[in-house]
Amino acid sequence: MRSPIVKYLDATPLFGSLARINCWPERRPSVQIHLRLDRHYWNLTMRQSRHVGKTLREVPKDTQTAAHALMLRAGYIRQLSAGVYTYLPLLHRTLNKISQIVREEMAAAGSEELLMPALQSQELWVESGRWERYTAVDGIMFAFKDRRGSTACLGPTHEEVVTDILRQEIKSYKDLPRNVFQIQTKFRDEIRPRFGLMRAREFIMKDAYSFDPDEAGLEAAYEAMRLAYHRICRRIGFQYRAVEADSGAIGGSGSQEFMVLADTGEDVILFCDRCDFAANQEQASSRLEEFPQDAEMRPMEAALGEGLIGVEPLAKFLEIPVWKTTKTLLYDSGGQMVAVMVRGDCDVNEVKVANHLGGAPLRLAAPERIREMTGAEVGYAGPIGLPAGVRILADRYVDGRVNFECGANRTNYHNINVNFGRDLPRPEFGDFKLARQGDQCPRCAGRLQAARGIEVGHIFKLGTKYSEAMSCRYLDAQGQSRPVIMGCYGIGVSRMAAACIEQNHDDRGIIWPPQIAPYHVHLIGLNLEDPVVREGAESIYQRLQQERIEVLFDDRPLRAGEKFSDADLIGLPARITVSKRTLEKGQVEFKRRAEGQAVQVGLDEAIERIRQMCAASTDS
RNA sequence: CGGAGCGUAGCUCAGCCUGGCAGAGCACUUGGUUUGGGACCAAGACGUCGCAGGUUCAAAUCCUGUCGCUCCGACCA
């Protein structure tokens with residue numbers, strides 16, 4: 001039985017899809033006038049014969065991650081320039097679904113959606129004090145002159161704009177709290193765009209901002225967002241961890257990152273094997289073994305250790321344990337030279353050093369500069385005898401050692417039996433070492449484990465950084481003027497799509513979780529040039545539409561192998577195959593992408609299974 | 001920013017060293033045979049060799065510049 005056809009003038013310049021079907025298989029369609037029933041379910045269904053985003057058989061070069069390669073091959077993205085991509089129809093649907101989940105959870109957490117300009121002016125960024133850092137220093141913001149000669153930029157984030165909007169809105173404590181969010185394209189001139197959507201120069205982000213009268217309000221807003229982020233990650237089905245994080249250039253106090261676990265992740269996270277401690281490596285602290293120390297200080301002397309670079313050979317040569325050696329690294333912190341000492345078996349956590357120094361960008365000193373300051377080749381720097389004006393920091397594990405080693409600021413020489421207080425003044429101590437896998441948890445007796453993660457969400461307590469700088473203030477009940485307390489909360493929407501693929505794929509393609517799959521079902525029609533099969537497949541297609549199931553119908557005149565391979569690549573969660581063979585038995589073939597085996601069932605049964613699959617995924 | 005590599009058909013690439021008609025596979029078009037896991041036969045279409053300049057009788061090839069894309073990089077004190 002042909003699907004119901006009513007007279008309808010389709011004014012589109014394209015052939016109506018049924019028109020094309022009707023002239024099948026003559027292959028020279030003439031324009032005919034028909035109802036396109038799928039028009040009523042426009043956003044539910046698509047015929048693959050009309051779909052933009054062909055699959056590629058060959059793997060494009062220059063792809064480093066599975067998600068990047070699969071997105072290109074399966075027709076989800078096309079690159080326009082470095083770190084700039086078109087989101088083709090399939091990905092666009094997935095992005096909409098992720099956005100919808102985010103919208104629902106943000107609304108449930110009391111945030112109100114708006115949309116701010118991506119095109120911003122220099123003025124606000126100068127006012128907040130971030131212009132220099134974002135343009136000249138880090139150069140992460142696209143900035144340019146408009147035709148009137150004033151400087152404009154494309155927003156990498158929206159603290160300035162939102163603070164400007166809300167300061168016009170908020171006058172009294174009665175105007176608080178407020179919480180707004182937007183889902184928008186952001187621009188960052190990344191030093192190195194890579195991994196497709198993972199680190200792009202143009203990407204979709206959800207950013208939310210909270211405005212509260214006091215710390216308690218901020219706590220509540222932050223907690224609401226934290227819970228919303230957990231719900232979002234759970235609904236998408238991520239394997240993830242929320243970790244303590246550094247708040248970086250945005251500024252502020254507390255912050256957490258939501259990290260999707262993946263070997264290709266750019267961040268290292270550390271978590272305790274006993275308690276719930278978890279942190280970004282940049283932020284993590286840890287405890288180290290401490291060792292019994294010598295009872296007496298021995299005289300300091302300079303030991304000749306020719307060409308000994310690296311603490312392992314040095315320790316072996318000097319016949320001392322590695323923990324007695326000391327690395328002294330020289331940095332330039334916005335013009336101030338800084339020496340940082342860590343125990344020989346440790347590395348410097350540059351983020352912590354930079355934060356300790358007030359946030360100025362930290363760079364390792366150039367070799368010429370090191371020679372100039374130490375009077376020695378690179379590799380022999382030490383804290384004794386550095387020029388006045390060099391600020392000396394030391395990790396706390398450098399302290400407490402008796403008779404330690406350090407560089408002598410003299411090529412090939414190392415000072416041994418060095419002791420603070422006697423041979424040099426005690427420097428500024430702090431937590432400056434990089435925590436590592438195997439270190440002891442800072443909170444309990446457990447050990448730290450490491451994993452790589454993709455940062456898909458980040459929540460910050462900003463405090464008054466922007467409200468002070470930009471004068472976003474209110475009058476409290478006593479008539480006192482106070483700065484609004486702010487928080488900001490970001491989610492990388494397009495990055496989430498990439499992270500999901502990174503976590504859900506096999507060697508044949510993507511395996512979407514139903515809740516963010518572009519369509520629920522891939523309907524594969526085989527041998528459609530047979531009019532009986534064509535009719536059967538069409539009526540199943542119509543039926544799925546009537547059941548409000550999102551379906552991509554592969555109605556192309558291709559061989560079975562190509563269709564199945566494409567279906568595996570595109571990765572819709574369920575596949576229904578219709579062919580002469582199945583129709584003769586009055587059945588269809590149903591297969592889940594995540595599972596191997598296909599089963600022959602009636603159409604009603606297949607529909608029921610799809611419903612169950614979708615329901616199961618939204619319950620979680 | 002520093003270092004390196006690559007730009008040739010829609011895609012993946014060969015040709016460049018040693019200058020001499022622009023190539024292959026896949027994809028595409030047509031016809032035929034096939035038809036449930038990326039088939040086969042035959043015929044065809046497809047190019048400003050990134051761009052600009054230079055050398056040369058002659059440049060994809062050599063030289064200079066330029067634009068684009070990609071990779072690597074501070075693990076050493």
Side-chain angles (χ1 to χ4, degrees), chain A residues 27-28 54-64 68-69 72-73 75 78-84 136-139 189 191-196 201 268 305 308-314 325-332 339-350 361-367 369-371 373-374 376-383 386 405-415 433-434 436 508-509 524-530 533 554 556-569 575 577-583 588-589 591 596 598 600:
Chain A
R27 293 192 186 183
R28 285 198 188 79
K54 285 213 288 193
T55 57
L56 307 176
R57 189 172 296 195
E58 301 196 46
V59 183
K61 60 169 184 177
D62 299 330
T63 55
Q64 272 70 47
H68 188 195
L72 283 167
R73 273 226 298 147
R78 292 280 184 266
Q79 181 172 346
L80 185 64
S81 65
V84 179
V137 181
D138 291 344
D189 194 359
I191 296 167
R192 240 177 69 183
R194 58 183 139 182
F195 305 151
R201 295 198 300 165
V268 174
L308 284 174
I309 299 288
V311 294
E312 293 286 348
L314 176 67
T325 66
T326 310
K327 292 177 184 171
T328 307
L329 281 76
L330 297 168
Y331 288 94
D332 181 334
V340 182
M341 301 170 69
V342 291
R343 221 168 72 174
D345 54 341
C346 297
D347 291 309
V348 173
N349 183 328
E350 297 183 359
L362 192 71
R363 285 176 181 276
L364 271 175
R369 200 71 210 280
I370 292 173
R371 282 192 284 270
M373 281 193 297
T374 64
E377 286 304 307
V378 175
Y380 303 94
L386 289 173
E405 174 280 345
C406 60
N409 291 327
R410 189 175 155 199
T411 302
N412 291 333
Y413 282 88
H414 307 268
N415 285 331
K433 74 168 193 329
L434 193 67
R436 283 189 296 221
R508 292 203 302 260
I524 310 274
L526 299 179
N527 308 119
L528 295 176
E529 66 280 356
D530 180 334
V533 180
D554 190 347
R556 301 171 301 169
L558 299 180
R559 304 170 63 79
E562 294 176 79
K563 293 192 173 202
F564 290 145
S565 293
D566 274 355
D568 288 340
L569 186 56
R575 188 181 87 187
T577 307
V578 184
S579 69
K580 192 168 186 176
R581 188 195 293 177
T582 63
L583 287 170
V588 297
E589 181 187 279
K591 179 178 176 297
Q600 304 270 331

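Letters go in sequence order (proteins before strands), and every chain restarts at 1.
With sequence neighbours excluded, the residues satisfying side chain to side chain contact (heavy atoms under 4.5 Å, CB included) with Q79(A) are Y85(A). Not counting sequence neighbours, R559(A) has no partner by the side chain to side chain donor-acceptor pair (under 3.5 Å) test. D554(A) is linked by a side chain to side chain contact (heavy atoms under 4.5 Å, CB included) to Q48(A), H522(A), I524(A), R556(A), K563(A), counting only residues two or more places apart in sequence or in another chain. In this structure, I191(A) has no side chain to side chain contact (heavy atoms under 4.5 Å, CB included) partners at least two apart in sequence or on a different chain. Residues satisfying the side chain to side chain contact (heavy atoms under 4.5 Å, CB included) test with A339(A), not counting sequence neighbours, are T328(A), L330(A), L386(A), V390(A), I392(A).
Not a single donor-acceptor pair, N or O on each side, falls under 3.5 Å between the base of U70(B) and the side chain of R194(A). For R559(A) against A39(B), a side-chain N or O and a base N or O form a donor-acceptor pair under 3.5 Å. Checked by distance alone, R363(A) brings no side-chain donor or acceptor within 3.5 Å of a matching partner on the base of G73(B).
RNA chain B is contacted by both L434(A) and L569(A); L569(A) maps to the nucleotide lying nearer its 5′ end (nearest heavy atom per residue).
Using atom C1' as the reference point in both A14(B) and U8(B), the two lie 10 Å apart (nearest Å). Annotation: G68(B) and C62(B) have their C1' atoms spaced 23 Å apart (nearest Å). Using atom P as the reference point in both G54(B) and U12(B), the two lie 33 Å apart (nearest Å). Here the separation of A22(B) from A58(B), taken at their P atoms, is 16 Å to the nearest Å. Nucleotides G23(B) and G65(B), compared at atom P, are 32 Å apart to the nearest Å. The separation of G38(B) from C11(B), taken at their C1' atoms, amounts to 15 Å, rounded to a whole angstrom. Atom name P, nucleotides A24(B) and C46(B): the rounded distance is 14 Å, in whole Å. Comparing the P positions of C21(B) and C49(B) gives a spacing of 15 Å, expressed to the nearest Å.
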Check: protein-nucleotides 8-11 of chain B nitrogen or oxygen pairs below 3.5 Å:
| residue | atom | partner | partner atom | Å |
| --- | --- | --- | --- | --- |
| C11(B) | O2 | E58(A) | OE2 | 3.3 |

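Comparing G37(B), A77(B), C69(B) by their nearest atom to the side chain of A82(A) picks out C69(B).
Dashed line: the shortest gap from a side-chain N or O of Q79(A) to OP1 or OP2 of U70(B) is under 4.0 Å.
Although no hydrogens or angles enter the test, the distance criterion places no donor-acceptor pair under 3.5 Å between the side chain of R73(A) and the main chain of L569(A). A donor-acceptor pair under 3.5 Å is formed between the side chain of S565(A) and the backbone N or O of G561(A).
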